[in-house]
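Order of the sequence lines sets the chain letters (A, B, ...), proteins ahead of strands, with each chain counted from 1.
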Protein chains: 2
Amino acid sequence: MSGPPANPKRSRRRSGAVTLHDVARLAEVAPITASRALNTPDRVSPEVLQRVTDAVRRTGYVPNLLAGGLASTRSRLVAAVVPTIAGPVFLQTIQSLTAALEAQGYQLMLGQTGYVDSREDALLEAIIGRRPDGIVLTGIMHSAHGRQRLLAAGIPVVETWDLTPTPIDMLVGFSHVEVGRAVAAFLHGRGRRRLAVMAGDDERSARRHGAFRQAAVALGLPEPALVTVPAPTTLGSGRAALQQLLAADASVDAVFCSSDLLALGVLTEAQARGLAVPAQLAVMGFGDLEFAADLHPGLTTVRIDSHAIGRQAARFIVERAEGRPVAERVVDLGFSIVERGSA
Amino acid sequence: MSGPPANPKRSRRRSGAVTLHDVARLAEVAPITASRALNTPDRVSPEVLQRVTDAVRRTGYVPNLLAGGLASTRSRLVAAVVPTIAGPVFLQTIQSLTAALEAQGYQLMLGQTGYVDSREDALLEAIIGRRPDGIVLTGIMHSAHGRQRLLAAGIPVVETWDLTPTPIDMLVGFSHVEVGRAVAAFLHGRGRRRLAVMAGDDERSARRHGAFRQAAVALGLPEPALVTVPAPTTLGSGRAALQQLLAADASVDAVFCSSDLLALGVLTEAQARGLAVPAQLAVMGFGDLEFAADLHPGLTTVRIDSHAIGRQAARFIVERAEGRPVAERVVDLGFSIVERGSA
DNA sequence: CTGAAAGCGCTAACAA
DNA sequence: TTGTTAGCGCTTTCAG
C-alpha cells in the first residue's frame, strides 16, 4: 500500500518506517513543527495541528521513541527489578506500577535477579544502558557496588517494600521490624504461648522474624521456634515446614508465616493431619494476597497494600521525570493485621 | 571524579555520561574500533581489545542502547503483552521469557491490556514506538486493526497459549479444543456422569469448555452445567461458583475448572461444606501451577508447560533478531493430564 | 507561532 | 584490522 523506498540516491539503510519528516512533508510544515504538534499541541496553531493530525492518520505514523529518547534524554522507560516475578508478594506491586506508568505514557522494563546477587550487576548494566527515567527496586538487597553505579548514572531510584535508614534516593515501604513486633503482640494477646516462625531465607523476612522473636521473649514467652525455607516460598515448602516444626516440638500453638502462600501450606498440612485451626494451631500469614480472605478458615494475616506501593513508586518517578521536585522522598505506607478465622 | 563538561564551545547539552568517544580517546583508537571491540571482539586485535577493555573499566562506561538501537535498528528489546500479570496462568511464561531473554542480552518490556480491548491499541502504539525486536502476545484476543499495525510495523510476533489456524507470524501453544475433549474423556473414563464446567469468561476458556461439553454429549452424558466467572479467575470466584452450581443441581459429580485457582476455590468450598473430594465430587483444574501437587487432596489437572512456552517464544524472537530464518513457525507444545487425588 | 541548524551517541557503509 | 564519513529519527538551541 505505502510506497517502499524508491529513491536510489545512495548510502544508508533507513528502517523503512514512516518518519516525522514524511508526516511534515505531507502536512507542509517543518519537521520541528510536526514534532511540536504531537508533543505540545497547544503551542501550535489549530490549523497546523489539524494538518499534522491528518497526516499522522493517513500515514499511520508511529513516533520512534528510541530516537526521541536519544535526542531528549528522556526515555519514558522505567525499569523494575525483582528477585523473581513468580514470588507471591511483588506481583501486585508490579501490576499497579505497570498500569500507573502506562496511564502516563511510560513503559515498564522488567528485570529478574533470580535471588542470585551476581546477576544483579549484569542486570543493572543492561538497565542503565537503556537510560530509563527511573528504576524501581523491589525486594532486593543491592550490593554497595550496585548502589554506586545507580548513583553515578544519576537515574532516579525508588526502593520499595522496605524502610531502610539509608535510602539510595526515594523509598516507599513499611517497617518489617514493626510487623514482627505487632504480630508477636497480637498472638500473645490471643492467648498463644508457644510461638513459631516459618520464614523465607531473604533478608527482609529475617528482620521480621528477628523482631518477632525478640518481642515474644520480651513478652515473657519462650524463644519461638524457627524454620527457614528457601525463597521464594511455596505452598509445598509450607507443608514440609510444618511437618518439620511439629516433629521438633508438637506443643507449638501458633505459627507466623512469612508469606500467605506459606500459610496456605500450613493450613493444608494441618488439614491433612487433622490438626484443628485455630483451636490447636493459630496460623498467620503475611501479605494479604487475594486468596487469603476466601480460605477456610479465612487467613489472619498482615495486610500490605502492594498496589499502593506500586502506584506511589510510579508517582515518584513520573514526578521526577517531569522535573517536579519530590518533597517527601520517603513514604511509609504502614500495614495492618487483618483478623480472620485462622488466628 | 570524572571531568564535567569544560569546553565552553557552544550548543547542546550532552547527557553528561561517559560516551564511546571518551572510551575511544582513552584507548587511542577510533570510536568505531571501540565499538567493534565491544560488540565483535574477535574482529579486533587482542591488543586493541585490551586497551578498550581497560578504558571501559576505568571510565565506568555503559553503552547507550538507545543510541545503539537507533543506529542499528536493533533495539534488543522485546515486548510482552498480557491481559494482566496477576492472572494465575501467564506468570511462569513471563518469568521464563524474561530469564531466557536476559541470558541473551535482551530486555523485556511488559504491557498489560487489563482485559479491555480499547487499551490494546494504545498499548500497541506505545510498544511499536520502541521498535522492539519482537512482540510476544499472551492470552489476548487481538483486534483486526491491531494485527494490521503489527504486520505493517514488520516486527516479529509470537502468539502464545493458543493454536490459531491463522497466526500473525509465529506461534507457540496447544489446542484448547483438544484439552476440552481430553478432560471430558478422562472424567467419563473415571465413571463420572454428571459433569459441570466452571470457566473464566475469556475466549480461550470458552473454546475449552465448548469442546468439553460437546465431547461429553458425544459420550452419551447429559449436557454439562456451566458456570461462568469473570476473568481473571480467583479462589473466591471458585467458591462462589460452586455454591451456585450446587444450588442449581446438587447431583453434579465432577467439575472441570478453567484454572487451578478456581479449582482451589472449589476444593475450599467443598471442604467448608463437608463435601468429600473426590468421593462425592471430582475436581479438575487447568494449568498445573506450582501449588497443585501439594494441595490436599492433590489436584488432578491439565499440565501446560508454561515455562517452555516462554522459552520457545524467546528462542523464536532471538533467532529472528539475529537474522536466522525460523524454519518451523508453529510449535504445538501439547498438554497432559496429571492425575492426582482430586479426580 | 514557526523554522534552520546542529547534534544526542552510536553503528552501517564504504574505503585503506 | 582499522579508520572515515554519513547518517539512524528525533528534539534542542537560537532566531525570526
Side-chain angles (χ1 to χ4, degrees), chain A residues 5 7-25 27-52 56 59 61-76 128-131 153 323, chain B residues 5 7-25 27-52 56 59 61-76 128-131 153 323:
Chain A
N7 199 336
K9 204 179 173 184
R10 56 167 229 117
S11 111
R12 213 144 162 180
R13 64 259 101 141
R14 315 212 75 220
S15 69
V18 181
T19 74
L20 191 60
H21 272 78
D22 303 327
V23 171
R25 197 180 319 131
E28 299 182 300
V29 293
I32 182 62
T33 304
S35 171
R36 288 202 189 98
L38 296 174
N39 297 317
T40 51
D42 33 273
R43 284 189 199 170
V44 112
S45 74
E47 201 219 309
V48 163
L49 178 55
Q50 184 59 53
R51 290 219 305 274
V52 172
V56 166
T59 54
Y61 171 65
V62 180
N64 184 330
L65 294 149
L66 255 44
L70 178 60
S72 66
T73 62
R74 293 202 30 211
S75 63
R76 293 187 156 269
I128 294 175
R130 303 259 174 215
R131 304 298 189 262
Chain B
N7 199 337
K9 202 178 176 186
R10 56 168 229 117
S11 106
R12 214 148 162 176
R13 65 261 102 142
R14 318 211 72 218
S15 69
V18 181
T19 73
L20 190 61
H21 273 79
D22 303 326
V23 171
R25 198 181 319 132
E28 299 181 301
V29 294
I32 183 66
T33 304
S35 172
R36 290 202 188 98
L38 295 175
N39 297 316
T40 50
D42 32 275
R43 284 188 200 173
V44 113
S45 73
E47 201 219 310
V48 163
L49 177 57
Q50 184 60 52
R51 291 218 305 275
V52 172
V56 167
T59 53
Y61 170 67
V62 180
N64 184 331
L65 281 82
L66 255 44
L70 179 58
S72 66
T73 61
R74 293 205 28 211
S75 62
R76 294 188 154 267
I128 294 175
R130 304 260 174 214
R131 304 297 188 262

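- We find that CG of B/Leu66 is positioned 13 Å from C1' of D/dT11, with the value rounded to whole Å.
- Looking only at side-chain heavy atoms (C-beta outward), B/Val44 and B/Thr33 come within less than 4.5 Å of each other.
- In this structure, the CD1 atom of A/Ile128 is 16 Å from the P atom of C/dG9, given to the nearest Å.
- Contact annotation: A/Ser45 reaches the phosphate of C/dT2 (side-chain N/O to OP1 or OP2, under 4.0 Å).
- The closest side-chain heavy-atom distance from A/Val52 to A/Leu49 is not below 4.5 Å.
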Please tabulate, for the side chains in residues 34-41 of chain B, all donor-acceptor contacts under 3.5 angstrom to protein atoms that are two or more places apart in sequence or on a different chain.
{"from": "B/Ser35", "atom 1": "OG", "to": "B/Asn39", "atom 2": "ND2", "distance (Å)": "3.3"}
{"from": "B/Asn39", "atom 1": "ND2", "to": "B/Ser35", "atom 2": "O", "distance (Å)": "3.2"}
{"from": "B/Thr40", "atom 1": "OG1", "to": "B/Arg36", "atom 2": "O", "distance (Å)": "3.4"}

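- For A/Glu28, there are no side chain to side chain donor-acceptor pair (under 3.5 Å) partners, not counting sequence neighbours.
- With sequence neighbours excluded, the residues that form a salt bridge (Lys or Arg N to Asp or Glu O under 4.0 Å) with A/Arg74 are A/Glu322.
- Within the 4.0 Å cut-off from OP1 or OP2 of C/dC8, not a single side-chain nitrogen or oxygen of B/Asn64 is found.
- One interatomic measurement links the two molecules: CZ of B/Arg74 to C1' of D/dG9, which rounds to 19 Å at whole-angstrom precision.
- The distance between atom CZ of B/Arg25 and atom C1' of C/dG9, rounded to the nearest whole Å, is 13 Å.
- Scanning for side chain to side chain donor-acceptor pair (under 3.5 Å) contacts around A/Arg51 gives A/Glu47, with sequence neighbours left out.
- When each of D/dT2, C/dT2, C/dG9 is scored by its nearest atom to the side-chain atoms of B/Val48, the top-ranked nucleotide is D/dT2.
- Contacts between residues 29-38 of chain A and DNA chain C, defined by a heavy-atom separation below 4.0 Å, involve A/Val29, A/Ala30, A/Ile32, A/Thr33, A/Arg36, listed by number.
- Summarising the geometry, the separation between CG on A/Leu70 and P on D/dT11 is reported as 11 Å, rounded to the nearest angstrom.
- Between the CG atom of A/Asn39 and the P atom of D/dC10 there is a distance of 10 Å, rounded to whole Å.
- The nearest whole Å value for the distance from the CZ atom in B/Arg43 to the C1' atom in C/dA12 is 12 Å.
- Legend: residues meeting side chain to side chain donor-acceptor pair (under 3.5 Å) with B/Arg43, ordered by chain and number and at least two apart, are absent.
- For the pair A/Arg130 CZ and C/dC10 C1', the computed distance is 14 Å after rounding to whole Å.
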